[in-house]
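Quick notes on the structure that follows.
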Amino acid sequence: MSMNDRYDPKSIEPRWQARWEEAGAFQAGRRPSAQKRYVLEMFPYPSGAMHMGHGRVYTIGDALARYLRMRGFDVLHPIGFDALGLPAENAALKDGRHPAERTRENIVSFRAEMKRLGYSFDWAREISTCDPEYYRWNQWFFLQMLERGIVYRREGKANWCTGCQTVIANEQVVDDNRCERCESPVVEKVIPEWAFRITAFAQDLLDGLDRLVDWPERITTMQRNWIGKSVGAEVDFDVPGAAPIKVFTTRVDTIYGCTYVVLAPEHPLVEQVTAPERRAEVRAFVERMRKTDAAERTGENAPKDGVFTGAHAVNPYDGQRVPVWIANFVLAEYGTGAVMSVPAHDQRDFEFARKYGLPIRVVIQPAKGDRLPAGDRLGQAYTEDGVLEGSGPYTGLASAAAREKMSEHARAKGFGQPTVRWHLRDWGFSRQRYWGTPIPIVYCPEHGAVPVPEDQLPVVLPEKAVITGKGEPPLAKVPEFVNTTCPRCGGPARREVETMDTFVDSSWYYARYLSPHDDRRPFDPEAAKRWLPVDTYVGGPEHAVMHLLYFRFWHRVMHRLGLVQEDEPCRRLVTQGIVNGPDGRKMSKRWGNVVQPGPMVDRYGADTLRLFILFAAPPEKDIDWSDEQVDGLFRFLARVWRLFHARQDCFATSERGGASAPPSPPLAPGQPHPAAPALADDAALAQAAGDFLELRRRTHRTIKKCTESFEGELKFNTGIAALMELVNALYGLEPRTEADRAAVREAFVALATLLAPFAPHAAEELWHEVLGAAAREQLLADAPWPPFDPALVAADTVTIAVQVNGKLRGEVQASVSAGEAEVRALAEAEARVKAHLAGKTVRKVIFVPKRLMNFVVG
RNA sequence: GGGGCCGUGGCGGAACGGGUAGACGCAGGGGACUUAAAAUCCUCCGCCGGGUCGCACCGGCGUCCCGGUUCGAGUCCGGGCGGCCCCACCA
């Protein structure tokens, strides 16, 4: 192949994609004796065409995977499709096409787009969750978890999406009680459902967060808040003539300030405690609450609203009788559905007490500073910890100590106990929809819910679908599916017609990649030993409390089942920002600002698109699409192209010797690389001087900089910037001697190699061009990452800034080893410095070797 | 209300543990090449003022605002203001 003047990605990219595939360059397991790295990006939901957001995740992950391969690791970089779920079914409702058909089509288009972008996936491991060979293992897990009590059937209030006509998970309810998917209102509905006992893992999931040091803190914080542990106490308030009211509080230290008790409107004791003369009013209130939209009722801005029941309860600590109220702001499903109200020390209680004229009693004083006024003159609740007063035997104790003593006292006396409450709820995963994994249960009139035996899996989702979006679940309308026999007695029975939440599919897919065609178990535990946990997981931060919590839960389950060694699925998480439209708004048909990756590849080639995505900003930041910037990156590649072309005299003339490159620095253990071609002829290189010695320094600094952009925080933008600087430097040089050419050649090899993770096709082409026959048999994708020479990275002369009283007044050139006296002499000789020192007394001189000298004068 | 992140040129963004602010790119100005345009190559580009025929050069200000620590602050501390994200009457 000969090099053309014009950079033409269309002629380059498909050719290298074919070569990589032919060579199996991206197959995991090619270096069995090397250390492994598992690089994973969240698999796509193929609901439409691939969009720019996908382009960004996979470009980030791919750059890393390619780099790690070049560092000598055995890299697993798989891809698959999260194919089951509501959107495909919702689309089917619109145009009547079968979800399977639509999904298959979308997958074909995704796969083609991804290949065109040149992602280094191990395609042999591709999975699709709508494949029975995949979801049968969802069913298998279900059975295992059922047996262990981690799956159970419950009858409870569920979030019912009025749009999707199905139950959705707590985590899928977003802003103002709307569905995360379709934004329809979500209402509460009492319905039987299957649930995972994720709450049994709450403490463990919480503790695990402390070990996830390479996760973004905001994600672990969000999980921590979502799990929502609160340590407190349960206390029983006796109600004469009725069952005691059990309240949950995190501030039992304030209980002597309790002046009333509040029940949630739905609390089971409401009817029982209400005095006959209050009944009408209470019922009217409860009825009104029932009819009010949940968000409106319990939203932050909702005014406090309540009603007195006529009953009184007894505070077990001081024997005081306090009135029992019902109020809108108490949630039936949190804690015990009842609270003790301490208006002096809780803002909500304070507001409520003010509104209804209930007493306010101060029982905590700040440890330092002014004392609080009496309750009736308090401007707002004092909610901090402090020192107890008016609290019987606990008076004088600090809040924390009091809490401990007081909850222990409750336990000793039998009217309460220390308690931990969680915000996290069990994960209800029943879906009354078609396009999901069938739940392997059969209902027998004789034996009730009977699990389908393992050897009868998979329960295959029938091809025939009656999708109306209304009424009964679609599977109920398919008699061939529903009607079956009981696995236990053989009598007529009906299958479960609910399907599993799509988040089940994504909870363990990363493990299926390890042995995607295994038909005896979900995956091979030996392979898991080799590859898990995932080393780097790239995906959007929007999954912080759904997928990312579920998959941590599922991994723990797999750990209990003995399938995996560790309890956390992934070491490092990288959350990438959004690609916005050119106008800075979220890409949307509504704004007409959508930019698709496909047409961009047509116009500029994959390499330019990839460079743009990586250069625009660090991965976590949102970026705006910019046609001008993309043009700029295309120009950069074209510039590199011309440069190589213009300097062919430096490398195309002769075959270089077989000297191999020095090994890559520390990270590359295991199997040695195939012998790498020399960067350049060592003897000639050693002769490089002047501008060309400078070039060599720059080359090695660039290698260092690029390497650093992959280590620690991923900052590809600065790595690419360094490459641009090297290119700019090369433009100014005119090599004349053999040593000059060797230095230029060294820079070219480095440039092509370092470009490989970012713009792999162009890099591959240039690399083969510069190395000629020496590289003919090797792919750059397989070549070693270049080492840098520390001696060349460290400059021998440096520019030292000279300040007078902290203001820059000049700079001097000095050798790196120059001491204070030497630099001072140089500095004082500078005209500007001299002028600023004239007539002043130097009181002090600060000298920072290699950086700066500051004269402090008076 | 709680939690997290963040405020740097016209724009996207650089700046290792406090040490020359603005790397690199985009946009823009000037020049070369060209019959011309595009492309390309070279070059300038924070603000204000002084200086010079034009340069060179010089001074002051400058990383949201106000204070502090320090020889020295984009970076550390305190207090504001503004933006984004998540959670939200969680007892």
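Note that this is a predicted model, so its numbers are computed, not measured. Quick note: numbers below take in every heavy atom, side chains included, and nothing from hydrogens, waters or symmetry partners. Sequence lines set the chain letters: A, B, ... in the order given, protein chains first and strands last, and positions in each chain run from 1.
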Report the glycosidic orientation of B:rG51: syn if within 90° of 0, anti in every other case. anti
Scan A:His836 against the nucleic acid and name what it touches under 4.0 Å (heavy atoms): base, sugar-phosphate only, or nothing. sugar-phosphate
Please set out all donor-acceptor pairs under 3.5 angstrom arising from side-chain atoms of residues 723-733 of chain A, sequence neighbours excluded.
{"unit_1": "A:Asn728", "atom_1": "OD1", "unit_2": "A:Arg639", "atom_2": "NH2", "d": "2.8"}
{"unit_1": "A:Asn728", "atom_1": "ND2", "unit_2": "A:Met724", "atom_2": "O", "d": "3.4"}
{"unit_1": "A:Tyr731", "atom_1": "OH", "unit_2": "A:Arg639", "atom_2": "O", "d": "3.0"}

Need one value for A:Pro216: base, sugar-phosphate or nothing, where a base atom within 4.0 Å counts as base even if backbone is also close, heavy atoms only. nothing
Write down the distance between CG (A:Leu637) and P (B:rG25), rounded to a whole number of angstrom. 13 Å
Below the 4.0 Å mark, does B:rC90 have OP1 or OP2 next to a side-chain nitrogen or oxygen of A:Arg348? yes
Among A:Leu714, A:Val538, A:Val213, exactly one meets side-chain contact (heavy atoms from CB on, under 4.5 Å) together with A:Arg572. Which residue is that? A:Leu714
Which part of the nucleic acid does A:Ser626 contact within heavy-atom distance under 4.0 Å: base, sugar-phosphate only, or nothing? nothing
Decide yes or no, distance alone: a donor-acceptor N/O pair under 3.5 angstrom between the base of B:rG4 and the side-chain of A:Glu217. no
Between B:rC11 and B:rC77, how far is it from one C1' atom to the other, in whole Å? 33 Å
Once each nucleotide of nucleotides 67-74 of chain B is scored for protein heavy atoms under 4.0 Å, what B/S/- sequence comes out, 5' to 3'? ----B---
A:Tyr604-A:Asp631 side chain donor-acceptor pair, cut-off 3.5 Å: yes
Interatomic distance, A:Leu614 CG vs B:rA14 C1' [rounded to whole Å]: 17 Å
List for me each residue that meets side chain to side chain donor-acceptor pair (under 3.5 Å) alongside A:Gln203, sequence neighbours excluded, and say none if there are none. A:Asp207, A:Lys229
Given A:Thr336, A:Thr419, A:Asp236, the one that forms side chain to side chain donor-acceptor pair (under 3.5 Å) with A:Lys246: A:Asp236
Parallel, tilted or perpendicular, as decided by the 30° and 60° cut-offs, for the rings of A:Tyr356 and A:Trp325: tilted
Could you label the plane-to-plane angle of the A:Tyr7 and A:Trp641 rings as parallel, tilted or perpendicular, counting under 30° as parallel and over 60° as perpendicular? tilted
Could you pick out which residue, A:Ala801 or A:Leu633, lies toward the 5' side of RNA chain B when each is mapped onto its nearest nucleotide? A:Ala801
Name the nucleic acid region contacted by A:Glu725, choosing base, sugar-phosphate or nothing; use a 4.0 angstrom heavy-atom cut-off, strictly under. sugar-phosphate
If a protein heavy atom is under 4.0 Å from the base, mark B; if only from the sugar-phosphate, S; if neither, -; do that for nucleotides 42-49 of chain B going 5' to 3'. S-------
Given that A:Met340 and A:Thr718 both sit by RNA chain B, which one's nearest nucleotide is further toward the 5' end? A:Thr718
Rounded to whole angstrom units, what separation is found between the CG atom of A:Leu643 and the P atom of B:rU40? 14 Å
Should A:Lys807 be listed as having a side-chain N or O under 4.0 Å from OP1 or OP2 of B:rC61? yes
Side-chain-base donor-acceptor pair under 3.5 Å for A:Arg421 and B:rA91: no
Side chain of A:Lys715 only, please: which of B:rA14, B:rC24, B:rG59 is the nearest? B:rA14
Taking only residues two or more places apart in sequence or in another chain, which ones pass side chain to side chain donor-acceptor pair (under 3.5 Å) with A:Arg421? A:Glu234
Just to confirm, is there a sub-4.0 Å distance from OP1 or OP2 of B:rC6 to any side-chain nitrogen or oxygen of A:Arg218? no
Does the side chain of A:Arg635 get closer than 4.0 angstrom to OP1 or OP2 of B:rC26 through an N or O atom? yes
Measuring from the side chain of A:Thr221 (C-beta onward, heavy atoms only), which nucleotide among B:rC24, B:rC85, B:rG3 has the closest atom? B:rG3
Salt-bridge test for A:Arg585 and A:Asp624: reply yes if a basic N is under 4.0 Å from a carboxylate O, no otherwise. no
Return no unless some side-chain N or O of A:Asn225 is found under 4.0 Å from OP1 or OP2 of B:rG2. no
Give the nucleotide from the list B:rG13, B:rC58, B:rA91 with an atom nearest to the side chain of A:Arg832. B:rC58
For A:Ser230 and B:rA91, is the shortest distance between a side-chain N/O and OP1 or OP2 below 4.0 Å? yes
Under the rule for salt bridge (Lys or Arg N to Asp or Glu O under 4.0 Å), what residues qualify as partners of A:Glu734, not counting sequence neighbours? A:Arg647
B:rG78 - base-pair partner by Watson-Crick or wobble geometry, distances under 3.5 Å: B:rC66
Scan every strand shown for a Watson-Crick or G-U wobble partner of B:rC57, both distances under 3.5 Å, and answer none if you come up empty. B:rG50
May I ask you to decide if A:Thr799's main-chain N or O and A:Glu811's side chain share a donor-acceptor pair within less than 3.5 Å? no
Short side-chain N/O contact to B:rC90 OP1/OP2 from A:Arg251, under 4.0 Å: no
Whole-Å distance separating the OH atom of A:Tyr604 from the P atom of B:rG25: 18 Å
Scan A:Ser341 against the nucleic acid and name what it touches under 4.0 Å (heavy atoms): base, sugar-phosphate only, or nothing. nothing
By the 4.0 Å heavy-atom rule, please label A:Gly228 as base, sugar-phosphate, or nothing. nothing
Heavy atoms only, 4.0 Å cut-off, all strands: where does A:Glu628 land among base, sugar-phosphate and nothing? sugar-phosphate
